[in-house]
Amino acid sequence: MQKEQQLRVWIQKQKRLISEAAEQKDRDYIAMMWQGFLNGLCLTNAITWQEYQELSREIVEFAEGFEAV
């Protein structure tokens, strides 16, 4: 449960950073750092493959919402 809570806090921070970024390249950079962090968590077995896929999908869906702006 604590792992889930820690991930949610981190994800909310990343979403805030993306939403506050002035340029698309900055939003892209933050999203790629988010993806890299998830890759590391998955490779070290800190999260399962299913958790990785769900969180990765969340990145894509959130970032796509800002590309349309």
Q) Out of curiosity, does Ile59 fall in the hydrophobic cluster containing Val9 (side-chain heavy atoms, cut-off under 4.5 Å, transitive links)? A) no
Sorted by chain and number, sequence neighbours left out, ring pair (Phe, Tyr, Trp, His ring centres under 6.0 Å) with Phe37 holds for Trp10
By salt bridge (charged side-chain N to carboxylate O under 4.0 Å, His left out), Lys13 pairs with (sequence neighbours left out) none
Across all chains, not counting sequence neighbours, the side-chain hydrogen bond (donor to acceptor under 3.5 Å, both in side chains) partners of Gln12 are none
Is it the case that the side chain of Arg27 and the backbone of Ile18 share a donor-acceptor pair, with hydrogens and angles ignored and the cut-off at 3.5 Å? no
Quick note, salt bridge (Lys or Arg N to Asp or Glu O under 4.0 Å) partners involving residues 30-45, not counting sequence neighbours, are none
Discussion item. Could you check whether atom CD of Glu20 has more than 12 heavy atoms from other residues, nucleotides or ligands sitting under 6.0 Å from it?
Written reply: yes
For Met32, the hydrophobic cluster (side chain heavy atoms closer than 4.5 Å, chained through members) also holds none
For Thr48, the side-chain hydrogen bond (donor to acceptor under 3.5 Å, both in side chains) test, sequence neighbours excluded, returns Glu51
Contacts of Asp26 meeting side-chain hydrogen bond (donor to acceptor under 3.5 Å, both in side chains) (sequence neighbours excluded), chain-then-number -> none
Residue pairs passing the salt bridge (Lys or Arg N to Asp or Glu O under 4.0 Å) test with at least one member in residues 31-48, sequence neighbours excluded, are none
Count I, L, V, M, F, W, Y as connected when their side-chain heavy atoms are under 4.5 Å apart, and connections chain through other members. Are Ile47 and Leu43 then in the same cluster?
no
- With a 4.5 Å heavy-atom cut-off, do Tyr52 and Gln35 have their side chains touching? yes
The reported gap from SG in Cys42 to CD in Gln53 (rounded to nearest 0.5 angstrom) is 8.5 Å
Taking the side chain as everything from C-beta on, heavy atoms only, tell me whether Trp34 gets closer than 4.5 Å to Ile11.
yes
Residue set satisfying salt bridge (charged side-chain N to carboxylate O under 4.0 Å, His left out) with Glu58, at least two apart, ordered chain then number -> Arg8, Lys15
Using a 4.5 Å side-chain heavy-atom cut-off and chaining through intermediate ILVMFWY residues, the residues clustered with Tyr29 come out as Met33
Quick note, salt bridge (Lys or Arg N to Asp or Glu O under 4.0 Å) partners involving residues 31-40, not counting sequence neighbours, are none
Sorted by chain and residue number, the salt bridge (charged side-chain N to carboxylate O under 4.0 Å, His left out) partners of Glu23 (sequence neighbours excluded) come out as none
